[in-house]
Undergrad: 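Let me give you the structure first, and then I'll get to my questions.
Letters go in sequence order (proteins before strands), and every chain restarts at 1. Being a predicted model, the structure only gives us computed values, none of them experimental. Because only heavy atoms are used, hydrogens play no part in the values below, and waters and symmetry mates are left out as well, while side chains stay in.
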Amino acid sequence: MPSADSEIKSSWADQVEQDEDDLPPPSECIEGDTKVVTEYKVNDEGKKVKVVRYYKIEHRKVSKTVAKRKTWKKFGEARNDPPGPNPTNTVVSEEIFMQFLSNKEEERQTDDDPLNKLKGQKIVKCRICKDDHWTTQCPFKDKLGALPDLLKDDTNPAATATTAAATPSTSQVEDKMKAGKYVPPSMREGANRRGESMVSSRNRDDAATIRVTNLSEDVRDSDLQDLFRPFGNIARIYLAKDKVTGHSKGFAFINFLRREDAARAIAGVNGFGYDNLILNVEWAKPSGTS
DNA sequence: GATGAGCGG
């Protein structure tokens with residue numbers, strides 16, 4: 001840490017001028033794990049002052065190229081400068097951490113940098129089954145009421161013993177998870193890859209959902225009811241509207257109870273003229289897929 | 001022309 005903040009702020013143009021009255025040249029030396037940089041300058045009151053800065057040396061590994069670059073000879077105006085950064089033309093700012101996506105050299109030194117721990121990790125980890133989805137999306141979210149106990153287990157190992165003893169069924173689950181024996185359905189053989197549960201987002205199954213586009217602006221939910229009810233029971237209708245204005249966005253999702261009904265609705269209504277527009281009806285894809 | 005909103009960690 002520089003011990004004299006105010007000195008740094010003056011521009012180096014000033015400093016260069018000041019250096020012209022015969023001030024001793026800056027110097028630096030290493031004391032233990034501290035680098036001591038000494039320089040002399042004229043302060044605001046016109047007095048010569050000695051500024052000593054102490055830098056804690058971090059033994060951070062640098063890439064080969066950076067290390068090599070440090071051995072280069074100085075050139076140009078700085079030809080005769082002592083080794084290390086010259087405080088009259090170099091400002092040491094705060095450390096900047098960079099994250100490299102692929103750098104073989106970085107990969108080898110993963111131990112000391114805390115950032116590296118985050119790197120290869122899954123973005124989210126379910127608190128219930130430890131899989132890489134949000135806890136709220138976990139297939140077991142409502143199946144086992146063990147969530148509170150599992151949370152306790154995370155933070156307070158001592159509490160586990162008591163809760164486990166009190167509720168044997170819970171403890172079995174915990175034991176299995178700790179032993180790593182438990183295999184969530186998404187990981188079992190024959191499971192569909194990726195962590196999604198059987199019900200896609202928010203208890204909606206798009207297997208029997210159709211999307212209707214090219215709806216006129218003034219079509220309402222009830223109109224869609226009337227239009228699609230003949231094909232079968234409808235679980236849900238969503239007419240996309242602008243959240244603020246409430247205007248229809250011109251498309252809707254019709255969620256049938258039975259997929260066959262949805263299929264017939266597509267066959268029956270796709271291309272159907274409605275409100276002087278030709279409707280387009282097709283299978284809905286789960287939201288978020290572009 | 002357009003694939004819903006929402007909960008975070």
Side-chain angles (χ1 to χ4, degrees), chain A residues 99 114-156 177 184 186 192 194-229 231-257 259 261-263 265-267 269-290:
Chain A
Q99 201 172 354
L115 279 179
N116 285 324
K117 291 199 191 109
L118 296 169
K119 225 189 270 176
Q121 239 170 34
K122 294 170 179 170
I123 315 289
V124 290
K125 186 164 123 195
C126 175
R127 285 169 175 149
I128 297 171
C129 70
K130 320 281 190 206
D131 209 349
D132 60 344
H133 50 243
W134 294 100
T135 305
T136 46
Q137 325 238 49
C138 181
F140 311 119
K141 176 170 45 120
D142 27 35
K143 301 239 162 77
L144 84 205
L147 180 54
D149 290 338
L150 288 173
L151 286 174
K152 243 179 259 163
D153 178 37
D154 269 351
T155 53
N156 184 0
M177 287 185 177
S186 58
N192 58 341
R194 298 291 323 120
E196 297 104 352
S197 51
M198 33 284 283
V199 261
S200 79
S201 99
R202 278 272 186 276
N203 64 33
R204 200 189 312 133
D205 66 323
D206 284 335
T209 301
I210 57 175
R211 182 187 62 149
V212 188
T213 55
N214 208 28
L215 285 166
S216 104
E217 305 276 52
D218 37 45
V219 166
R220 286 120 42 90
D221 289 66
S222 58
D223 301 320
L224 295 167
Q225 282 271 9
D226 298 341
L227 181 59
F228 288 101
R229 198 171 27 218
F231 297 96
N233 287 328
I234 296 168
R236 198 178 69 112
I237 287 186
Y238 182 92
L239 175 57
K241 292 184 253 222
D242 186 309
K243 223 192 303 185
V244 282
T245 65
H247 287 329
S248 164
K249 288 206 218 161
F251 67 96
F253 296 94
I254 319 291
N255 195 336
F256 285 89
L257 288 182
R259 190 175 160 86
D261 295 342
I266 293 175
V269 184
N270 190 23
F272 183 77
Y274 192 77
D275 222 25
N276 65 39
L277 288 172
I278 308 255
L279 294 188
N280 179 28
V281 187
E282 52 193 296
W283 290 110
K285 292 197 274 266
S287 89
T289 49
S290 43

Undergrad: Rounding to an integer number of Å, can you tell me how far L279(A) CG sits from dT3(B) C1'?
TA: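 Distance check: L279(A) CG to dT3(B) C1' gives 17 Å.
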Undergrad: Whole Å only: how far is the CD atom of E217(A) from the C1' atom of dG1(B)?
TA: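 In whole Å, dG1(B) C1' and E217(A) CD are 11 Å from each other.
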Undergrad: Is a donor-acceptor contact shorter than 3.5 angstrom present between the side chain of T136(A) and the base of dG8(B)?
TA: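 Side chain to base: pair found, below 3.5 Å.
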Undergrad: Report all side-chain donor-acceptor pairs from residues 220-228 of chain A shorter than 3.5 Å, counting only partners two or more places apart or in another chain.
TA:
from, atom 1, to, atom 2, distance (Å)
D221(A), OD1, K241(A), NZ, 3.4
D223(A), OD2, R220(A), N, 2.7
D226(A), OD1, R229(A), NH2, 3.1

Undergrad: At 4.0 Å (heavy atoms only), tell me whether A284(A) reaches a base, stays on the sugar-phosphate, or touches nothing.
TA: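 Base contact - A284(A) has a heavy atom under 4.0 Å of at least one base atom.
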Undergrad: Calculate, to the nearest 0.5 Å, the distance between atoms CD1 and CD1 belonging to I266(A) and I254(A) respectively.
TA: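 Rounded to the nearest 0.5 Å, the CD1-CD1 separation comes to 11.0 Å.
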Undergrad: At what distance, to the nearest 0.5 angstrom, does CG of N214(A) lie from CG of L277(A)?
TA: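 Answer rounded to 0.5 Å: 5.0 Å.
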Undergrad: Is the shortest side-chain N/O distance from K285(A) to OP1 or OP2 of dA2(B) below 4.0 Å?
TA: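 It does not, given that no N or O in the side chain of K285(A) lies less than 4.0 Å from OP1 or OP2 of dA2(B).
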Undergrad: Is there a donor and acceptor pair, one atom on the side chain of R127(A) and one on the base of dG8(B), closer than 3.5 Å?
TA: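 Side chain to base: no pair below 3.5 Å.
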Undergrad: Please report, rounded to the nearest Å, how far the P atom of dA5(B) is from the CZ atom of F251(A).
TA: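 Rounding to the nearest Å, CZ of F251(A) and P of dA5(B) are 7 Å apart.
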Undergrad: Report the residue (K243(A) or L215(A)) whose heavy-atom-nearest nucleotide on DNA chain B is the more 5′ of the two.
TA: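 Closest to the 5' end, via its nearest nucleotide, is L215(A).
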Undergrad: State the CD1-CG distance between I210(A) and N255(A), to the nearest 0.5 angstrom.
TA: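 The CG atom of N255(A) is 9.5 Å from CD1 of I210(A), to the nearest 0.5 Å.
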Undergrad: Roughly how many Å is it from NZ in K249(A) to P in dA2(B), rounded to a whole number?
TA: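 Rounding to the nearest Å, NZ of K249(A) and P of dA2(B) are 13 Å apart.
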Undergrad: For dG4(B), is chi within 90° of 0 (syn) or not (anti)?
TA: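 dG4(B): syn glycosidic orientation.
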Undergrad: In whole Å, what is the span from the NZ atom of K241(A) to the C1' atom of dG4(B)?
TA: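 For the pair K241(A) NZ and dG4(B) C1', the rounded distance is 11 Å.
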Undergrad: Assign each of W134(A) and F253(A) to its nearest nucleotide of DNA chain B by heavy atoms, then name whichever residue's nucleotide is nearer the 5' end.
TA: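 Per heavy-atom nearest nucleotide, the more 5' residue is F253(A).
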Undergrad: Just how far, in rounded Å, is P of dA2(B) from CG of L239(A)?
TA: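 One finds 17 Å between P of dA2(B) and CG of L239(A), rounded.
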Undergrad: Separation of N214(A) atom CG from dT3(B) atom C1', in whole Å?
TA: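 Roughly 15 Å, once rounded to whole Å.
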Undergrad: Please state how far atom CG in N255(A) lies from atom P in dA5(B), giving the value in whole angstrom units.
TA: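 Taking atom P of dA5(B) as the reference, CG of N255(A) is at 15 Å.
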Undergrad: Let's see if you can work this out: which of dT3(B), dA5(B), dG6(B) has an atom nearest to the side-chain heavy atoms of Y238(A)?
TA: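 Of all the options, the side chain of Y238(A) is nearest to dA5(B).
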Undergrad: Would you check, one step at a time, whether the test side chain to side chain contact (heavy atoms under 4.5 Å, CB included) holds for I234(A) with L257(A)?
TA: CA-CA 6 Å; I234(A) 296 168; L257(A) 288 182; over 6 Å; no
